[in-house]
Amino acid sequence: MNNWLKTPTLAALFWAVSFFTSYSVAAGLTAEGVKNSLTMNENLLMNSSLVRNVKEVNLPQVSGTLEKALSLHETAKEKLLNSDLEGAVKARDESLRLLMLASRLANKSNGMAEENAKKTYEKKLKSVQSLLDAHKRITESNSDSSTEKKLKLTVSPLLLESEEQAGQQHFKEALSSLTKAYFLIANSIKKQRSGQTLVRSLDFATAQEAYEYELGRYENYQMLVNMMIDERKAFKRDARTKPFFDEVARYQKQAYDLAKQGEYTEAADIIEKASKSLVSLLRDSGVHIPGV
């Protein structure tokens, strides 16, 4: 059985559609019967947990389908007022069909979002682990065990928290904890590199680790830019910011292509340029990043 039939609200909706159809055919149409069915329909469209789930997804295709369902419900009420019972039933049934479609689209979207969050979490976890290895090598080369211990005391609770959240399938929260850990590790590495002219190959065991480090920085800047647009409304994706985004996309594609070919040193250089482009975008939009 599909997931969308397992929830009580959707089961009730399925029952309602079956009821409406059989009522129309078997019992004949009456104004009172159609009116009662529209009242039930309106409750589903306005107050059900199903609709709340659809609205929470907030995707154009899903929202548009729900809007059409609501519009058809209004059409059904108008046709009832004009004594067009068959027209009212036809609009009512189509409204319910669209509501079920919106629910299926919303559930599918939620499933995809959860899967994407899991993949992003797993990818970030690998980056954090690589960064921790790099941090350990740097502190050992600097004979700075106190910095290593201090970082572990700060980061270990975050990693444990992230692991527990992932175990509960809360991957968005797990990713948030990992991101905090990532920033702490990256900042510690940055402080140790400050004032030194270290070659990247000395900081990391392999060129791939260097690339993963730069890729992680780039992804964090991406997250910051998206937050500034979607949550803070600090700026928009418009004609003014388009050149920045175009440049970032170009660098990103070049870096990804190079990484696929195993050219990690060049890929790290290119993805670092993408990060700098995002920083330039933020600065141009009036967003100050301390320490950058």
Requested in this report: Decide yes or no on side-chain contact (heavy atoms from CB on, under 4.5 Å) for Leu80 and Asp84, but give the supporting numbers first.
Outcome: CA-CA 6 Å; Leu80 176 61; Asp84 181 3; over 6 Å; no
Query raised in the report: For residues 239-287, which residue pairs qualify under ring pair (Phe, Tyr, Trp, His ring centres under 6.0 Å), counting only residues two or more places apart or in two chains?
Result: Tyr211-Tyr264
Quick check against the 3.5 Å criterion: does [X] have a side-chain atom that pairs as donor or acceptor with the backbone of [Y]?
| X | Y | value |
| --- | --- | --- |
| Thr139 | Lys136 | yes |
| Thr65 | Ala102 | no |
| Asp144 | Glu140 | no |
| Ser285 | Leu281 | yes |
| Ser188 | Ile185 | no |

Determine the minimum heavy-atom distance between [X] and [Y], stating which atoms define it.
| X | Y | result |
| --- | --- | --- |
| Asn226 | Arg237 | OD1-NH2, 3.0 Å |
| Tyr121 | Glu163 | OH-CA, 4.2 Å |
| Arg92 | Ser37 | NH1-OG, 3.0 Å |
| Leu70 | Met46 | CD2-CE, 3.8 Å |

Calculate, to the nearest 0.5 Å, the distance between atoms [atom1] and [atom2] belonging to [X] and [Y] respectively.
| X | Y | atom1 | atom2 | result |
| --- | --- | --- | --- | --- |
| Gln254 | Asp269 | CD | CG | 11.5 Å |
| Leu151 | His135 | CG | NE2 | 4.5 Å |
| Asn36 | Thr30 | CG | OG1 | 8.0 Å |
| Leu278 | Met228 | CG | CE | 12.5 Å |
| Glu32 | Leu85 | CD | CG | 11.5 Å |
| Ile270 | Lys253 | CD1 | NZ | 12.5 Å |

Partners passing salt bridge (Lys or Arg N to Asp or Glu O under 4.0 Å) against [X] (at least two apart in sequence or in another chain):
| X | answer |
| --- | --- |
| Glu67 | none |
| Lys152 | none |
| Glu74 | Lys77 |
| Arg240 | Asp284 |

Could you see if [X] belongs to whatever hydrophobic cluster contains [Y]? Use Ile, Leu, Val, Met, Phe, Trp, Tyr and a side-chain cutoff under 4.5 Å.
| X | Y | answer |
| --- | --- | --- |
| Ile138 | Val128 | yes |
| Tyr218 | Leu282 | yes |
| Leu159 | Leu153 | no |
| Phe171 | Leu175 | no |
| Val155 | Leu131 | yes |

Report task. Dump the intermediate steps for side-chain contact (heavy atoms from CB on, under 4.5 Å) on Leu215 and Lys123, then the final yes or no. Result -> CA-CA 11 Å; Leu215 180 62; Lys123 185 177 180 180; 4.1 Å; yes
**Report entry** Between Asn41 and Thr39, a side-chain donor and acceptor under 3.5 Å
**Finding:** no
Requested in this report: Say whether Thr241 and Asp238, considering side chains only, have a donor N or O and an acceptor N or O under 3.5 Å apart.
Outcome: yes
Query raised in the report: When you look at Leu45 and Ser95, which way does the side-chain contact (heavy atoms from CB on, under 4.5 Å) test go after all the steps?
Result: CA-CA 9 Å; Leu45 284 163; Ser95 173; 3.6 Å; yes
Less than 4.5 Å apart, any side-chain heavy atom of [X] and any of [Y]?
| X | Y | value |
| --- | --- | --- |
| Glu214 | Arg217 | yes |
| Glu42 | His73 | yes |
| Leu160 | Glu164 | yes |
| Glu212 | Lys126 | no |

Query raised in the report: Does atom CD of Glu86 have more than 12 heavy-atom neighbours, drawn from other residues, nucleotides or ligands, at distances under 6.0 Å?
Result: no
Requested in this report: Might you work through the side-chain hydrogen bond (donor to acceptor under 3.5 Å, both in side chains) test for Ser277 and Glu247, ending with a clear yes or no?
Outcome: CA-CA 7 Å; Ser277 296; Glu247 184 176 65; 2.7 Å; yes
Query - Charged N-O contact under 4.0 Å between Asp133 and Arg137 - result: no
Report task. Applying salt bridge (charged side-chain N to carboxylate O under 4.0 Å, His left out), run through Asp246 and Arg250 and close with a yes or a no. Result -> CA-CA 6 Å; Asp246 288 346; Arg250 186 171 66 253; over 6 Å; no
Requested in this report: Go through the steps to decide whether Gln168 and Glu173 satisfy the test side-chain contact (heavy atoms from CB on, under 4.5 Å), and finish with yes or no.
Outcome: CA-CA 10 Å; Gln168 297 168 2; Glu173 292 82 355; over 6 Å; no
Requested in this report: Please say which of Thr75, Leu72, Leu99 ends up in a side chain to side chain contact (heavy atoms under 4.5 Å, CB included) with Glu94.
Outcome: Leu72
Query - Partner residues of Gln165 under the side chain to side chain donor-acceptor pair (under 3.5 Å) criterion, sequence neighbours left out - result: Ser177
